[in-house]
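Inspection log for the structure reproduced underneath, given as structure tokens.
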There are 2 protein chains.
Amino acid sequence: MASRRFDPDRRDRIIDAALDVIAVQGVAGASHRKIAEYAGVPLGSMTYHFASMDELLTEAFRRFGNSIADRFDQQLEQAIDVDGARLAVVDLIHLDLLDSQRDLVLTHELYTLAARKPVFRQITRDWMARSRRALGLHFDPDTCRMLDALIEGLFIHAALDTEPHDRATTVEAVARITTPHHHPARTAQ
Amino acid sequence: MASRRFDPDRRDRIIDAALDVIAVQGVAGASHRKIAEYAGVPLGSMTYHFASMDELLTEAFRRFGNSIADRFDQQLEQAIDVDGARLAVVDLIHLDLLDSQRDLVLTHELYTLAARKPVFRQITRDWMARSRRALGLHFDPDTCRMLDALIEGLFIHAALDTEPHDRATTVEAVARITTPHHHPARTAQ
DNA sequence: CCACGATGTGTACGATCGTACGCATGGCCG
DNA sequence: CGGCCATGCGTACGATCGTACACATCGTGG
């Protein structure tokens with residue numbers, strides 16, 4: 001029998017606030033104090049709900065990764081053939097990328113953490129595994145890896161390129177990467 | 001007539017030290033004090049040679065970007081035909097990626113900064129422009145964009161994937177992305 | 001040879017950080 | 001209805017940070 005004062009939402013609110021603060025200020029600029037203020041909870045609440053900053057970041061980025069992977073699943077599950085899957089991927093890129101600078105920033109922040117700390121690398125790998133599994137519904141494993149890499153690259157460049165990405169180019173790129181290369185007759189030797 | 005005590009190398013040494021410290025500790029963990037200690041210069045030297053931390057980071061990442069782009073140029077300049085260029089790209093990926101965790105970490109750090117601060121976004125764009133220009137020696141502009149994105153994605157995934165990347169897959173991916181998609185006879189409607 | 005100015009450094013200040021810890025609060029059992 | 005204990009919070013501590021600025025050092029012009 002927990003006390004009635006216990007607020008299960010508070011923990012969630014802190015996690016969401018953490019993601020919001022990180023999206024704007026970066027992991028480097030996200031302190032207990034700023035997150036607490038943004039979430040509207042006292043500073044002491046931070047260490048009460050989360051043993052350390054890393055624990056909070058861990059949970060936050062796990063939530064973030066899952067939310068992105070959910071969209072992957074949704075888009076790809078309803079595709080009925082390969083062409084549908086290709087279209088789904090293009091939509092994924094052009095919907096997720098263009099509308100949300102926030103997701104891009106958070107992705108970069110996560111990758112930066114992942115490059116250095118094993119905990120976050122695992123989170124990233126789990127996320128990538130989910131994405132690849134979704135792609136695996138329609139493409140062979142090797143193609144999944146290539147396509148996944150392409151999506152990643154397009155995603156990242158979208159954040160940095162000054163001009164908006166051209167949808168037709170994305171369509172062509174996805175078509176190419178999902179089409180096995182026809183090796184011409186072997187040349188000399 | 002500058003004083004003979006002036007040491008032009010010192011500034012360079014600080015910049016290199018900054019990159020080394022960032023590679024290990026991240027931008028977040030790279031303080032004036034740590035960089036100074038690593039470079040073997042007094043703390044006061046930091047603010048003497050660089051007006052602010054941002055100025056130091058700016059110069060450091062500009063140097064980093066140029067060093068990578070130089071390798072791009074070297075590899076691609078000596079390719080004599082498209083197949084040679086494809087091979088050069090594969091080598092680029094598998095040499096730069098696999099040998100150097102350092103470059104990967106620094107790239108992520110730069111991108112994270114670029115996602116938030118315009119100064120670093122410009123540095124990243126300059127770097128990307130140089131890379132794309134190198135690719136442009138052998139491929140058409142659209143292909144350059146796609147190939148560039150693919151390289152980026154492979155690069156990034158290499159840092160996070162647990163198992164080493166398969167060269168054959170990279171060869172296939174590069175072949176696919178550089179081969180225009182043959183559109184089959186249009187279907188219904 | 002001396003004093004001056006350019007070049008470089010040691011130190012100290014105010015801000016901010018993560019975290020620990022003692023205390024307030026208010027449901028619940030006897 | 002009164003005391004107890006789980007729940008949650010305010011505050012303070014030690015560490016670290018970027019930066020400013022007074023001062024040391026030494027080549028050099030007069």
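These numbers come from a predicted model, not from an experiment.
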- Atom CD of Glu37(B) and atom P of dT9(C): how far apart are they, to the nearest Å? 16 Å

- Protein-nucleotide distance (Phe50(B), atom CZ; dT9(C), atom P), rounded to Å: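 Going from CZ in Phe50(B) over to P in dT9(C) covers 13 Å.
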
- Task: List the steps and the verdict of side chain to side chain donor-acceptor pair (under 3.5 Å) for Arg176(B) and Thr143(A).
- Result: CA-CA 10 Å; Arg176(B) 285 188 189 180; Thr143(A) 300; 3.1 Å; yes

- In terms of heavy-atom contacts, does NZ of Lys34(B) have more than 12 from other residues, nucleotides or ligands at under 6.0 Å? yes

- Task: Assess whether atom CD of Glu55(B) is packed by more than 12 heavy atoms of other residues, nucleotides or ligands within 6.0 Å.
- Result: yes

Given [N], is OP1 or OP2 found less than 4.0 Å from the side-chain N or O atoms of [X]?
| X | N | value |
| --- | --- | --- |
| Ser45(B) | dT9(C) | yes |
| Tyr48(B) | dG8(C) | yes |
| Arg10(B) | dT9(C) | yes |

- Query: Would a distance-only check, ignoring hydrogens and angles, find a side-chain to backbone donor-acceptor pair under 3.5 Å from Arg116(B) to Val105(A)?
  - Reply: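 No.
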
- Donor-acceptor under 3.5 Å (His138(A) side chain, Leu76(A) main chain): yes

- Message: I need a per-nucleotide contact map over nucleotides 14-20 of chain D, read 5' to 3'. Cutoff is protein heavy atoms under 4.0 Å; write B for the base, S for backbone only, - otherwise.
- Response: ---BBB-

- Message: Do the side chains of Asp20(A) and Arg13(A) get close enough for a salt bridge, i.e. N-O under 4.0 angstrom?
- Response: no

